[in-house]
Number of protein chains: 2
Amino acid sequence: MTGNSTRERIIEVADRLIYERGYEHTSFADIAAGVKISRGNFYHHFKTKDEILDTVIERRLMTTRHLLDEWEMTGETPAARICCFVRILVTNRTKIMQFGCPVGTLAGELTRLGHRSSTRASALFSLFREWLCRQFEQLGRAEDADELAMELLAWSQGVATLASALRDEAFLEREVERMCEWVKTGKENVPCGKELD
Amino acid sequence: MTGNSTRERIIEVADRLIYERGYEHTSFADIAAGVKISRGNFYHHFKTKDEILDTVIERRLMTTRHLLDEWEMTGETPAARICCFVRILVTNRTKIMQFGCPVGTLAGELTRLGHRSSTRASALFSLFREWLCRQFEQLGRAEDADELAMELLAWSQGVATLASALRDEAFLEREVERMCEWVKTGKENVPCGKELD
DNA sequence: GACAGTTTAGGACGAATGTCCTAATTCCTA
DNA sequence: TAGGAATTAGGACATTCGTCCTAAACTGTC
């Protein structure tokens with residue numbers, strides 16, 4: 001039951017593999033090989049594959065809550081805190097370029113397959129949504145805070161998807177800057193500073 | 001070799017199933033059952049699973065080219081043509097809510113798995129990108145046309161992902177309206193018409 | 001040192017997978 | 001209409017999948 005128990009190591013490897021390969025494409029054998037235990041041992045810790053998935057999702061929810069709490073504690077301005085969120089795209093750009101956004105890909109896969117746990121996976125989005133919503137409220141946008149939160153979520157999702165598919169890391173970095181600018185100024189920094197006619 | 005040949009029917013069913021379940025999660029047996037032929041017959045038309053995938057991708061590329069050509073021929077203004085693109089989100093909203101964007105999900109899956117055909121799948125994005133680029137050029141934004149195209153692509157991708165994961169069809173419809181507004185006015189219609197401070 | 005409970009390894013299981021073979025049937029052409 | 005090519009059905013194949021069982025090894029307690 002210690003932090004480095006076999007169970008904990010299984011969850012860590014499963015978490016990584018589910019991100020890198022997707023849930024359906026991650027097998028018991030893959031995870032067991034990653035943890036370096038026998039497949040039989042596996043069943044002692046998790047009775048079904050879905051049970052691992054649920055555990056991984058709950059773990060991600062917990063990790064995300066802690067991350068958001070940390071950002072909230074930093075004492076910076078609301079705009080700066082929102083930029084913390086935006087900049088995870090840059091921080092994790094190597095993995096995002098390879099595997100996409102961990103939140104979006106899992107929620108997408110489970111929703112598409114009509115999996116029982118798709119709701120819990122999507123709850124990760126809700127976590128970010130509500131946190132962003134609070135930040136926009138503190139920024140003086142109480143009336144439309146949730147809409148702004150959804151807008152920023154969608155924006156960052158799209159950037160992750162497109163940068164990964166088109167292998168365009170410069171695009172990812174450029175868009176992160178534009179998002180931060182948008183948060184600070186409230187205006188979209190249309191490229192080249194022109195208006196569409 | 002006619003239009004309704006077995007081969008053509010296989011491609012159609014494979015196209016649909018690959019969209020609905022993803023490539024790895026679509027089996028020979030699934031497709032064969034959909035076409036109502038034996039699995040053995042299958043091998044006469046396609047030697048490997050990857051061969052079907054390639055055929056489906058090429059078919060999607062062709063279909064998309066025709067679609068874009070049609071939009072280009074309608075003789076409307078460039079802004080109206082761009083809105084044609086944006087509104088496919090609404091037109092296909094039922095399937096998008098269930099299975100996400102067909103372009104983004106396939107490109108994402110293949111990129112993540114490091115599949116040989118990921119580049120061709122991403123070429124679908126390039127098709128839209130170049131088409132949008134041309135429209136923005138005709139709209140008098142030659143210098144930053146490509147950046148605007150990427151921006152709109154990312155925006156629509158994010159909206160599809162988020163609407164599907166959070167089962168929020170109203171969000172999808174609202175964002176489509178905002179995108180069309182953005183194309184016409186060149187300004188982002190920030191919710192509630194306020195500016196961030 | 002004996003014992004109970006936990007953890008582990010190894011493998012069995014039926015089902016499903018992608019691939020491939022063979023033998024029928026259908027179709028077109030000479 | 002006869003013969004050859006194209007198409008089809010059915011199943012064999014090795015492998016992998018999630019699941020589950022059993023027996024050995026380990027752990028801590030009296």
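Not measured: the values here are computed from a predicted model. To find a chain, count down the sequence lines: A is the first, B the second, and so on, and within it residues start at 1.
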Quick one: [X] [atom1] to [N] [atom2], roughly how many Å, whole number?
{"X": "N41(B)", "N": "dG11(D)", "atom1": "CG", "atom2": "C1'", "result": "14 Å"}
{"X": "Y43(B)", "N": "dT17(C)", "atom1": "OH", "atom2": "P", "result": "18 Å"}
{"X": "K49(A)", "N": "dG18(D)", "atom1": "NZ", "atom2": "P", "result": "4 Å"}
{"X": "K36(A)", "N": "dT8(C)", "atom1": "NZ", "atom2": "C1'", "result": "17 Å"}
{"X": "R7(B)", "N": "dT8(D)", "atom1": "CZ", "atom2": "P", "result": "12 Å"}
{"X": "F42(A)", "N": "dT7(C)", "atom1": "CZ", "atom2": "C1'", "result": "15 Å"}
{"X": "D50(B)", "N": "dC20(C)", "atom1": "CG", "atom2": "P", "result": "12 Å"}
{"X": "F46(A)", "N": "dT7(C)", "atom1": "CZ", "atom2": "P", "result": "12 Å"}

Checklist outcome for this item: In short, salt bridge (charged side-chain N to carboxylate O under 4.0 Å, His left out) pairs touching residues 123-138 of chain B with sequence neighbours left out are E72(B)-R134(B), R129(B)-D146(B)
Cut-off 3.5 Å, no hydrogens considered: what does the side-chain donor-acceptor table look like for residues 109-121 of chain B, sequence neighbours left out?
unit_1, atom_1, unit_2, atom_2, d
E109(B), OE1, Y23(B), N, 2.9
E109(B), OE2, Y23(B), N, 3.2
E109(B), OE2, E24(B), N, 2.9
T111(B), OG1, A107(B), O, 2.7
R112(B), NH1, Y19(A), O, 3.0
H115(B), ND1, S117(B), N, 2.9
H115(B), NE2, D50(B), OD1, 3.1
R116(B), NH2, D54(B), OD2, 3.1
S117(B), OG, D54(B), OD1, 2.5
S118(B), OG, H115(B), O, 3.1
R120(B), NE, E58(B), OE2, 2.8
R120(B), NH2, E58(B), OE1, 2.9
R120(B), NH2, E58(B), OE2, 3.2

Next on the checklist: What verdict does the side-chain contact (heavy atoms from CB on, under 4.5 Å) test give for L106(A) and V56(A), after you've listed the backbone C-alpha separation in whole Å, the side-chain angles of each residue and the deciding distance to 0.1 Å?
Outcome noted: CA-CA 11 Å; L106(A) 185 62; V56(A) 166; 5.7 Å; no
Do [X] and [Y] make a side-chain contact, defined as non-hydrogen atoms from C-beta onward lying under 4.5 Å apart?
{"X": "S126(B)", "Y": "L166(A)", "value": "yes"}
{"X": "L89(A)", "Y": "L172(A)", "value": "yes"}
{"X": "V35(A)", "Y": "F42(A)", "value": "no"}
{"X": "I37(A)", "Y": "I10(A)", "value": "yes"}

Item to check | Matching residue for F85(B) among W131(B), F128(B), F136(B) - test: ring-ring contact (aromatic ring centres under 6.0 Å, His included) | outcome: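 Among W131(B), F128(B), F136(B), the one that satisfies the ring-ring contact (aromatic ring centres under 6.0 Å, His included) with F85(B) is F128(B).
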Item to check | Criterion side-chain contact (heavy atoms from CB on, under 4.5 Å) on L162(A) and D168(A), from CA distance to verdict | outcome: CA-CA 8 Å; L162(A) 221 55; D168(A) 191 341; over 6 Å; no
Next on the checklist: Tell me whether the side-chain N/O atoms of T6(B) come closer than 4.0 Å to OP1 or OP2 in dT7(D).
Outcome noted: no
Checklist entry - OP1 or OP2 of dT8(C) sitting under 4.0 Å from any side-chain N/O of H45(A)? => result yes
Checklist entry - Would you say the side-chain atoms of S38(B) and N41(B) include a donor-acceptor pair closer than 3.5 Å? => result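 No, no side-chain donor-acceptor pair sits under 3.5 Å.
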Item to check | Set of side chain to side chain contact (heavy atoms under 4.5 Å, CB included) partners for T94(B), sequence neighbours left out | outcome: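 Expected list: none.
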Checklist entry - When you measure from the side chain of A29(A), which nucleotide among dA9(D), dT7(C), dC17(D) comes out closest? => result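 It is dC17(D).
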Item to check | Under 4.0 Å protein heavy-atom contacts per nucleotide of nucleotides 23-28 of chain D, with B for base, S for backbone only and - for none | outcome: ------
Item to check | Residues touching DNA chain C, which here means a heavy atom under 4.0 Å, drawn from residues 20-28 of chain B | outcome: T26(B), S27(B), F28(B)
Next on the checklist: Here's a test of your reading of the structure: between H44(B) and D30(A), which maps to the more 5' nucleotide of DNA chain D?
Outcome noted: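 In this pair, the answer is H44(B).
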Item to check | Pair E51(A)-H45(A), side-chain contact (heavy atoms from CB on, under 4.5 Å): steps then yes or no | outcome: CA-CA 10 Å; E51(A) 198 176 313; H45(A) 296 281; over 6 Å; no
Atom pairs under 3.5 Å, N or O on each side, protein against nucleotides 13-15 of chain C: can you list them with distances?
none

